[in-house]
Amino acid sequence: MDFLKHILITILILGAIQLNLLAKDYDTTHEKPEVTEPDNHRIYFRYISGLSGVGSVPETNTDKFHSLIYAQNGIYVTPYQNFNFASDTFEVEYRFKDRFRFFYDKRDLFTVKSGDDKTSIPFVENQKRLGLGYFHPVHKFLNLGVSLRDVIIKQNHEVGFIDLNFNLFRPGASSSLILTDSSSKMHARGIVPGIHLEFKPLRWFEIHLSQHYYYLHGQNYRNSSLLFADAGVGYVIPFTTHGDFVYKGTQDRFDFVFRYSSWFATRWGATRDRMQIQYKNFYFGSLSQEASLLYSGLGGEVRPKFDVYSVNFTVEFSKSFGSN
């Protein structure tokens with residue numbers, strides 16, 4: 001929480017500086033957005049840098065399920081914790097008369113390891129979205145919009161080894177080292193509707209709000225093996241999991257937009273992803289047929305979650321073309 005507080009304080013300070021500068025009529029060289037009539041054609045290019053304090057990924061919940069598996073066999077392990085994230089996003093948007101809009105964006109989200117954390121897992125999400133929208137000017141200061149996007153999400157985990165403590169077959173046993181080689185991949189795709197609100201009280205200042213509703217269909221696959229030792233005896237447990245699922249939830253976003261000219265702007269805002277995986281089919285495979293049947297049933301009831309809150313800074317360039 002302290003981490004996010006520092007970020008928010010920084011945003012408020014920089015925002016106040018920007019408001020002070022924008023209040024002065026100092027730009028006599030560049031074109032200013034004084035014309036209220038929208039351009040016939042305008043294209044936007046944006047780069048968004050995001051930083052998150054703490055969030056959870058589906059792999060966290062999956063390993064809590066695996067911890068249950070180990071516990072059923074007398075093995076008690078330490079589950080993964082939540083992680084810090086960073087993201088890079090590129091957006092391209094075309095507008096006709098500021099009403100009809102076409103979007104393309106690509107976001108790369110990844111975990112950031114902190115300190116000597118030995119349980120952090122390398123997590124990467126690649127999300128691509130292509131779509132269109134219509135924004136209706138309810139008032140010259142207010143636009144309401146709807147959109148549809150074709151969304152593709154890929155999530156990858158590649159874990160070489162993790163140092164975990166456990167008690168083997170009996171409470172109070174000596175701690176041992178677990179080395180795990182794990183690869184987990186997820187792919188989901190679907191059409192995502194969205195609603196939008198744009199409030200433009202000043203020519204240089206805007207507030208944008210949006211919410212997108214995800215209901216994607218996808219598959220995931222994980223291949224893992226565990227090596228552990230106790231009292232000089234080594235054990236290896238290989239297992240695989242895969243399943244078909246629905247990936248559903250919402251993505252909320254807000255931005256404060258500061259326009260320095262008609263072609264350059266910055267944005268300060270935040271994004272919140274709250275998703276859940278609901279399995280339609282789940283399979284767990286191991287050396288034991290009985291265990292495979294049991295844990296296939298248990299795993300299908302697990303509801304892994306993806307929950308990330310990100311503070312964003314955006315740089316935006318735009319160019320109009322065609323006569324009004």
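Side-chain contact, H136 with Y134: a donor N or O sits under 3.5 Å from an acceptor N or O. For E206 and H208, the side-chain atoms include at least one donor-acceptor pair closer than 3.5 Å. Checked by atom type, the side-chain pair R42/S318 shows a donor-acceptor distance below 3.5 Å.
Under the 4.5 Å side-chain criterion, counting only non-hydrogen atoms from C-beta, L197 is not in contact with N143. Side-chain contact between D108 and K106 is present, with heavy atoms from C-beta onward closer than 4.5 Å. Inter-residue side-chain proximity for D252 and F254 is flagged as unmet; no heavy-atom pair is nearer than 4.5 Å. Inter-residue side-chain proximity for F96 and H41 is flagged as met; some heavy-atom pair is nearer than 4.5 Å. When side chains are defined from C-beta on, E91 counts as touching I48, because their heavy atoms get closer than 4.5 Å. Two residues are said to be in side-chain contact when any heavy atoms from C-beta on lie closer than 4.5 Å; R259 and R267 meet this criterion. Contact annotation: the side chain of Y214 never approaches that of F306 to less than 4.5 Å [non-hydrogen atoms, C-beta and beyond]. Y213 has its side chain within reach of I195: a pair of non-hydrogen atoms, C-beta onward, lies under 4.5 Å apart.
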V92 vs Y94, side-chain contact (heavy atoms from CB on, under 4.5 Å): CA-CA, chis, key distance, verdict: CA-CA 7 Å; V92 179; Y94 163 75; over 6 Å; no

Worked verdict on Y247 versus N220 for side chain to side chain donor-acceptor pair (under 3.5 Å): CA-CA 11 Å; Y247 190 75; N220 64 358; over 6 Å; no

F110/F85 under ring pair (Phe, Tyr, Trp, His ring centres under 6.0 Å): CA gap, chis, key distance, verdict: CA-CA 6 Å; F110 45 90; F85 294 87; 8.9 Å; no

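Cluster annotation: Y44 is not connected to F321 through the hydrophobic network of ILVMFWY side chains, with a link wherever side-chain heavy atoms come within less than 4.5 Å. F205 and L142 fall within the same hydrophobic cluster, where Ile, Leu, Val, Met, Phe, Trp and Tyr residues are linked whenever their side-chain heavy atoms come under 4.5 Å apart, directly or through other members. Taken together through direct or relayed side-chain contacts under 4.5 Å among Ile, Leu, Val, Met, Phe, Trp and Tyr, L202 and W268 form part of one hydrophobic cluster. Cluster membership check: V257 does not share its hydrophobic cluster with Y260, using side-chain heavy-atom separations under 4.5 Å among Ile, Leu, Val, Met, Phe, Trp and Tyr. When hydrophobic clusters are built by joining Ile, Leu, Val, Met, Phe, Trp and Tyr residues whose side-chain heavy atoms come closer than 4.5 Å, directly or via intermediates, V192 is not grouped with V146.
Partner L216 forms a side chain to side chain contact (heavy atoms under 4.5 Å, CB included) with one of V246, I152, I153 and no other, that one being I153. Each of K97, R99, E93 was evaluated against R95; a single residue qualifies, E93, per the side chain to side chain contact (heavy atoms under 4.5 Å, CB included) test. Looking at E125, Q155, Q219 one by one, the single match for side chain to side chain contact (heavy atoms under 4.5 Å, CB included) with M186 turns out to be Q155. Results of the side-chain hydrogen bond (donor to acceptor under 3.5 Å, both in side chains) test with D273 over R253, Q127, Q251, H212 single out Q251 as the only residue that passes.
Applying the ring pair (Phe, Tyr, Trp, His ring centres under 6.0 Å) test to H242 and every residue at least two apart in sequence or in another chain returns Y283. For D150, the salt bridge (Lys or Arg N to Asp or Glu O under 4.0 Å) criterion is met by R189, not counting sequence neighbours. For Y104, there are no ring pair (Phe, Tyr, Trp, His ring centres under 6.0 Å) partners at least two apart in sequence or on another chain. Scored by the salt bridge (Lys or Arg N to Asp or Glu O under 4.0 Å) test, D88 finds no partners at all (sequence neighbours excluded). Residues satisfying the salt bridge (Lys or Arg N to Asp or Glu O under 4.0 Å) criterion with K185, sequence neighbours excluded, are E158. In this structure Y47 satisfies the ring pair (Phe, Tyr, Trp, His ring centres under 6.0 Å) test together with F90, sequence neighbours excluded.
Atoms CD and CD1, on E198 and I207 in that order, are 11.5 Å from each other to the nearest 0.5 Å. Of the inter-residue distances, the one linking F141 atom CZ with F199 atom CZ reads 8.0 Å to the nearest 0.5 angstrom.
Shortest non-hydrogen contact noted between F245 and H187 is CZ-O, 4.1 Å. The shortest non-hydrogen separation linking A86 to L51 is CB-CD1, 4.2 Å. Between A270 and Y309, the shortest heavy-atom contact is CB-OH, 3.4 Å. The minimum heavy-atom distance between S147 and F103, with the atom names listed, is CB-CE1, 4.1 Å. Across every non-hydrogen atom of S310 and S87, the tightest pair is OG-OG, 4.1 Å.
In this structure, F100 has its ring center no closer than 6.0 Å to that of F102.
Classification of R107 and D105 as a salt-bridged pair fails, no side-chain N sitting under 4.0 Å from a carboxylate O. Under the 4.0 Å criterion applied to side-chain N and carboxylate O atoms, D98 and K200 are assigned as salt-bridge partners.
Surrounding NZ of K319 are at most 12 heavy atoms belonging to other residues, nucleotides or ligands under 6.0 Å away. More than 12 heavy atoms of other residues, nucleotides or ligands sit less than 6.0 Å from atom CZ of F264.
In this pair, W204 and F258 present their aromatic rings parallel. The plane angle is below 30°, not in the 30 to 60° band.
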